[in-house]
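I have placed the structure first, in the form of structure tokens, so that the comments after it can refer back to it.
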Amino acid sequence: MKDMIKMGLILLVFTAVSATVLGVTNSATEGIIKERLHAENIAAIAALLPEAEEFELVDSEVHQDRNLIVEIYEGSTAGEVVGYTVKTNPNGYGGRVEVLTGISIEGSITGVKIGTQSETPGLGTKITEPVFLNQFVGRGTEENFIATKGGETGDQYINAITGATVSTNAVADGVNVARSVFVEVLKTR
């Protein structure tokens with residue numbers, strides 16, 4: 001009985017010391033981790049809107065009543081707005097999919113990038129490939145994008161990934177939300 005109490009106390013001391021070390025380490029690195037995530041985010045949106053030299057976070061009141069929008073950045077050069085990047089998080093097959101969309105001030109999609117996602121490897125993860133994402137680039141923002149398997153042609157259609165319809169629709173939903181907030185709110189700011 002004495003040995004069990006002794007072992008329990010030793011285990012308690014080890015866990016208390018470990019928890020303290022983890023807590024201190026987390027506090028010390030929290031700021032650095034946030035700075036790195038912010039730098040990665042800015043680098044990603046800069047790639048989507050290469051004309052912009054500076055990016056400013058748009059006040060969340062602009063999009064608070066819209067589902068799926070995480071954040072919006074306004075890109076500018078020499079004080080003039082050149083476009084926006086919109087981060088959305090629609091539902092895919094494996095959960096939320098982070099979709100970044102760049103839109104020029106003229107209303108053209110300048111790029112689409114996928115951030116974090118947990119889609120099915122080999123199928124759903126094909127949404128990260130340039131072959132799929134480049135379908136959006138250069139297209140206008142007037143109409144919603146529709147995923148098609150039938151080969152329909154037109155500015156609003158994108159070719160769905162075979163076997164990954166839900167993932168395809170998630171990306172289309174994310175771009176459509178970005179497109180609609182641009183047309184209805186950002187374009188006239």
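It should be emphasised that the depicted structure is a prediction, and the values quoted were computed from it without experimental measurement.
- Taking Arg66 as the reference, Glu184 meet the side-chain hydrogen bond (donor to acceptor under 3.5 Å, both in side chains) condition, with sequence neighbours excluded.
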Show me the side-chain donor-acceptor pairs of residues 51-62 shorter than 3.5 Å, one per line, residues at least two apart or across chains.
residue, atom, partner, partner atom, Å
Asp59, OD1, Glu61, N, 3.4

Legend entry - CA sep, side-chain torsions, deciding dist, call: Ile109, Ile103, side-chain contact (heavy atoms from CB on, under 4.5 Å): CA-CA 5 Å; Ile109 305 288; Ile103 303 173; 4.0 Å; yes
Inset, instruction - List the steps, then state whether side-chain hydrogen bond (donor to acceptor under 3.5 Å, both in side chains) holds for Ser167 with Lys126. - result: CA-CA 9 Å; Ser167 303; Lys126 288 183 179 179; over 6 Å; no
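- Taking the side chain as every heavy atom from C-beta outward, Asn159 and Gln135 approach each other to under 4.5 Å.
- Taking all atoms of both residues into account, the shortest heavy-atom contact from Ala172 to Ile158 is CB-CD1, 4.2 Å.
- Note on residues 91-108: pairs passing salt bridge (charged side-chain N to carboxylate O under 4.0 Å, His left out), not counting sequence neighbours, are Lys87-Glu98.
- Gln156 places no side-chain N or O within donor-acceptor distance of the main-chain N or O of Asn144, the cut-off being under 3.5 Å.
- Residues Leu48 and Thr110 share a closest heavy-atom pair of O-OG1, 2.5 Å.
- For the atom pair Thr141 OG1 and Asn176 CG, the distance stands at 11.0 Å (nearest 0.5 Å).
- Side-chain contact between Val97 and Asn89 is absent, with no heavy atoms from C-beta onward closer than 4.5 Å.
- Here the closest heavy-atom approach between residue Leu100 and residue Ala44 is recorded as CD1-CB, 4.0 Å.
- Of the inter-residue distances, the one linking Ser108 atom OG with Phe182 atom CZ reads 9.5 Å to the nearest 0.5 angstrom.
- Side-chain contact between Thr165 and Lys149 is present, with at least one heavy-atom pair separated by less than 4.5 Å.
- Below 30°, between 30° and 60°, or above 60°: for Phe136 and Phe145 the angle between ring planes is above 60°, a perpendicular geometry.
- Val86 and Tyr73 fall into different hydrophobic clusters, where Ile, Leu, Val, Met, Phe, Trp and Tyr residues are linked whenever their side-chain heavy atoms come under 4.5 Å apart, directly or through other members.
- Contact of the Met7 side chain with the Leu11 side chain is not registered, since no non-hydrogen atoms from C-beta on lie closer than 4.5 Å.
- Both Leu186 and Val183 belong to a single network of hydrophobic side chains, linked directly or stepwise wherever heavy atoms of I, L, V, M, F, W or Y lie under 4.5 Å apart.
- Listed here is the closest heavy atom pair of Val177 and Asn67: CG1-O, 3.8 Å.
- Under a cut-off of 6.0 angstrom, the local environment of OH in Tyr93 is sparse, with at most 12 non-hydrogen atoms contributed by other residues, nucleotides or ligands.
- Linking Ile, Leu, Val, Met, Phe, Trp and Tyr residues whenever their side-chain heavy atoms come within less than 4.5 Å leaves Val24 and Ile33 in two separate clusters.
- Side-chain contact between Asn41 and Glu71: present, with at least one pair of heavy atoms (C-beta onward) separated by less than 4.5 Å.
- The structure places CZ of Arg139 at 11.0 Å from OH of Tyr157, a figure rounded to the nearest 0.5 Å.
- Minimum interatomic distance between Ile161 and Thr168 (heavy atoms only, all atoms of both residues): N-OG1, 3.1 Å.
- In this structure, Ile32 CD1 and Glu35 CD are separated by 7.0 Å, a value rounded to the nearest 0.5 Å.
- Here the CD1 atom belonging to Ile105 is positioned 9.0 Å from the CD atom belonging to Glu80, to the nearest 0.5 angstrom.
- Thr128 contributes atom OG1, which lies 6.0 Å from atom CD of Gln117 (distance to the nearest 0.5 angstrom).
- Considering every non-hydrogen atom in both Ala147 and Asn169, the closest pair reads CB-OD1, 3.4 Å.
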